[in-house]
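Read through the structure below, which is laid out as structure tokens, and then see the notes.
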Amino acid sequence: MNDNQQTSPIDFTIIFIVLAFGIISCYTLYTVDPYLGAGDQGSYMKQIVWYILGSIVAGVAMILDYDRLHQLVWGLYGFGLTALLMLFFKFPPGLVHYSGGAWSWFKLPGIGTIQPSEFMKVFLVITLAHVIVKHNEKTRMKTVKTDLMLLGKLMLLSVVPMGLIAVQPDLGTFLVLVSITTFMILVSGIQWRILLSIVSSVLVVIAAVATTFLFNITKVTTFFEESVFAHVDSRFYGWLQPEKYELGAGLQLIKAITAIGSGQLTGKGPGNFEVMVPERHTDMIFTAISEQFGFVGSSIVVTLFFLLVYRMIQIALESNDAFGSYLIVGVVGMIAFQVFQNIGMSIQLLPITGLPLPFLSYGGSSTLAYMLAIGLVLNVKSRTRSYMFE
């Protein structure tokens, strides 16, 4: 007897968490609105619109059979690369937008700015999942050669968008793509001895670079200051010695730590801000939550993120389809890293990279990309069946 049962096709836990994030995001943006510049005011109304559009995107992604993504994968990947190449060549001149020291946006009349790299994250997840599944279907007998072939495919597909994003320059998104690729390589079935060998080699390179930096700090510093990574150099020093650079690269970090600490246990209350943190409605929205609602409010937000990641991992493990599981692993890698990086940079655990906090920071492109990713997760859940007898 092979009796299969299908539980509820809709995962209400994830929907509830995302709804809670939407409420927290829009309300926090509403409270910080009076303290923003004229060009940024009204962001909470725009965020409501983006969430509505994002819900539609998530709904479409959930209804579409994710197996169809096998047919769309190269079109999506090519579309993402084409957009990144247009930014690289600054074409067309009237639409490519420069902001915050990077050429990362298109400015569309009547819509605003769109950041293609946000969507490239999701496209890369879909592409790598597709490649892993197809490779494993063709190579039933795994050898060192087949594993190296798979690793080469994954690295090649990842390195191209990574390079285009690095030269914008956008260190934060570059690191997200690294995280996505790492997560998916770890679950791809490649032998651990190969991965450990590569990790060991990378550690040796990192040690060599660190040694070079310590003994040739002037030359290395000059290199960073004269390259596309000049912003990385300033942020690095602003992270290590914020007090020394309190009027420049360390200002945002000092303000962030002060705001978070001043919230203490229960916060100062809604709308009560005493510390003005730059980019509070985008990259530093966690500081606004902490100052208003203290440790209690911050803990609730962190707990919601933990529950979201935990539930997604559960769905990945329960899925009967390898492609669906790989999709979710990629989404977990994308969201988990950004949460860790964003909150970590707000409390000086990590350097500031300009990454938004998923679902909470203001941003149309990021909100749509996250909602698209959630739609894919819900899609996998809706098509997972449980079997009474295997």
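Annotation: the span from M345 atom CE to I352 atom CD1 amounts to 6.0 Å, rounded to 0.5 Å. Note: M312 CE to K381 NZ = 14.5 Å, rounded to the nearest 0.5 Å. Here CD1 of I285 is found 12.0 Å from CD of E279. Values are rounded to the nearest 0.5 Å. Between I374 atom CD1 and L308 atom CG the span is 5.0 Å, to the nearest 0.5 Å. Expressed to the nearest 0.5 Å, how far CG of L154 lies from CD1 of I190 amounts to 5.5 Å. The NE2 atom of H135 lies 6.5 Å from the CE atom of M149; values are rounded to the nearest 0.5 Å.
In the hydrophobic clustering of this structure, L150 does not group with L156; members are Ile, Leu, Val, Met, Phe, Trp, Tyr whose side-chain heavy atoms approach within less than 4.5 Å, directly or through other members. Connection of I15 to I315 is established within a shared hydrophobic cluster, with ILVMFWY side chains joined at heavy-atom distances below 4.5 Å, either directly or through further cluster members. Two different hydrophobic clusters hold F286 and L251 under the rule that ILVMFWY side chains link at heavy-atom gaps under 4.5 Å. Using a 4.5 Å cut-off between side-chain heavy atoms of Ile, Leu, Val, Met, Phe, Trp and Tyr, with links allowed through other members, L378 and F12 fall into the same hydrophobic cluster. When hydrophobic clusters are built by joining Ile, Leu, Val, Met, Phe, Trp and Tyr residues whose side-chain heavy atoms come closer than 4.5 Å, directly or via intermediates, V49 is grouped together with I24.
Under a 4.5 Å side-chain heavy-atom criterion applied to ILVMFWY residues, the cluster that includes I254 comprises that residue alone.
Judged purely by atom type and a 3.5 angstrom limit, S325 uses its side chain to pair as donor or acceptor with the backbone of A316. One N or O on the side chain of Y77 and one on the backbone of L157 form a donor-acceptor pair closer than 3.5 Å. In this structure, T287 contributes its side chain and M284 its backbone to a donor-acceptor pair below 3.5 Å. Between the side chain of S179 and the backbone N or O of G333 there is at least one donor-acceptor pair closer than 3.5 Å. With hydrogens and angles disregarded, no donor-acceptor distance shorter than 3.5 Å links the side chain of Y35 to the backbone of V277. Judged by distance alone, with hydrogens and angles left aside, the side-chain atoms of N320 form no donor-acceptor pair with the main-chain N or O of T384 at under 3.5 Å. Judged by distance alone, with hydrogens and angles left aside, the side-chain atoms of S361 form no donor-acceptor pair with the main-chain N or O of P356 at under 3.5 Å. Q292 places no side-chain N or O within donor-acceptor distance of the main-chain N or O of P270, the cut-off being under 3.5 Å. Using modelled atom types, no side-chain atom of E291 and backbone atom of F273 make a donor-acceptor pair closer than 3.5 Å. For N342 (side chain) and D283 (main-chain N/O), a donor-acceptor pair under 3.5 Å exists by modelled atom type.
A58 and M371 get closest at one heavy-atom pair: CB-O, 3.3 Å. Of all heavy-atom pairs spanning A102 and W105, the tightest one is O-CZ3, 3.7 Å. Between V309 and V332, the shortest heavy-atom distance links the atoms CG1-CG1, 3.9 Å. Looking at every heavy atom in both residues, I48 comes nearest to C26 through CG1-SG, 3.6 Å. Between Q341 and T353, the shortest heavy-atom distance links the atoms NE2-OG1, 3.1 Å. When all heavy atoms are compared, the tightest approach of I165 to F174 is CG2-N, 3.8 Å.
Using a 4.5 Å heavy-atom threshold, the side chains of F21 and P358 count as separate. Side-chain contact between I194 and I198: present, with at least one pair of heavy atoms (C-beta onward) separated by less than 4.5 Å. Contact of the I10 side chain with the S382 side chain is not registered, since no non-hydrogen atoms from C-beta on lie closer than 4.5 Å. Counting heavy atoms from C-beta outward, N136 and K142 have side chains that approach closer than 4.5 Å. Side-chain contact between L177 and S158: absent, with no pair of heavy atoms (C-beta onward) separated by less than 4.5 Å. For the pair V176 and M334, the minimum side-chain heavy-atom distance is below 4.5 Å. Inter-residue side-chain proximity for V187 and F183 is flagged as unmet; no heavy-atom pair is nearer than 4.5 Å. Side-chain contact check for L171 versus L175: some heavy-atom pair is nearer than 4.5 Å.
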* What's the verdict on side-chain contact (heavy atoms from CB on, under 4.5 Å) for H70 and K134, showing C-alpha distance, side-chain angles and the deciding distance? -> CA-CA 9 Å; H70 285 300; K134 294 303 179 183; 3.8 Å; yes

* Stepwise, does the side-chain contact (heavy atoms from CB on, under 4.5 Å) test hold for L376 with L69? -> CA-CA 10 Å; L376 294 177; L69 292 175; 3.8 Å; yes

* To do: Starting from the C-alpha separation in whole Å, work towards a yes-or-no answer on side-chain contact (heavy atoms from CB on, under 4.5 Å) for T28 and L360.
  => CA-CA 9 Å; T28 304; L360 297 182; over 6 Å; no

* To do: Might you work through the side chain to side chain donor-acceptor pair (under 3.5 Å) test for S290 and S298, ending with a clear yes or no?
  => CA-CA 5 Å; S290 300; S298 303; 2.7 Å; yes

* Test side-chain contact (heavy atoms from CB on, under 4.5 Å) applied to L307 and R311, step by step -> CA-CA 6 Å; L307 292 175; R311 182 59 191 140; over 6 Å; no

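Below 30°, between 30° and 60°, or above 60°: for W103 and Y98 the angle between ring planes is between 30° and 60°, a tilted geometry. Classification of the Y30-Y27 ring pair by plane angle, with boundaries at 30° and 60°, yields tilted.
With hydrogens and angles left out, the side-chain atoms of Y362 and D40 include no donor and acceptor closer than 3.5 Å. Using modelled atom types, one finds no donor on one side chain facing an acceptor on the other under 3.5 Å when comparing T139 with T146. Under the 3.5 Å distance criterion, with hydrogens and angles disregarded, a donor-acceptor pair is assigned to the side chains of S25 and Q47.
Checked against the 6.0 Å centroid threshold, Y51 and F359 do not count as a close aromatic pair.
In F340, the CZ atom is not crowded: 12 or fewer heavy atoms of neighbouring residues, nucleotides or ligands sit closer than 6.0 Å. Enclosure of atom CD in E274 is not indicated, since only 12 or fewer non-hydrogen atoms of other residues, nucleotides or ligands lie within 6.0 angstrom. Around the CZ atom of F79, the shell of radius 6.0 Å holds no more than 12 heavy atoms that belong to other residues, nucleotides or ligands.
Listed by first and then second residue, the salt bridge (Lys or Arg N to Asp or Glu O under 4.0 Å) pairs that reach into residues 100-123 are E118-K121, sequence neighbours excluded.
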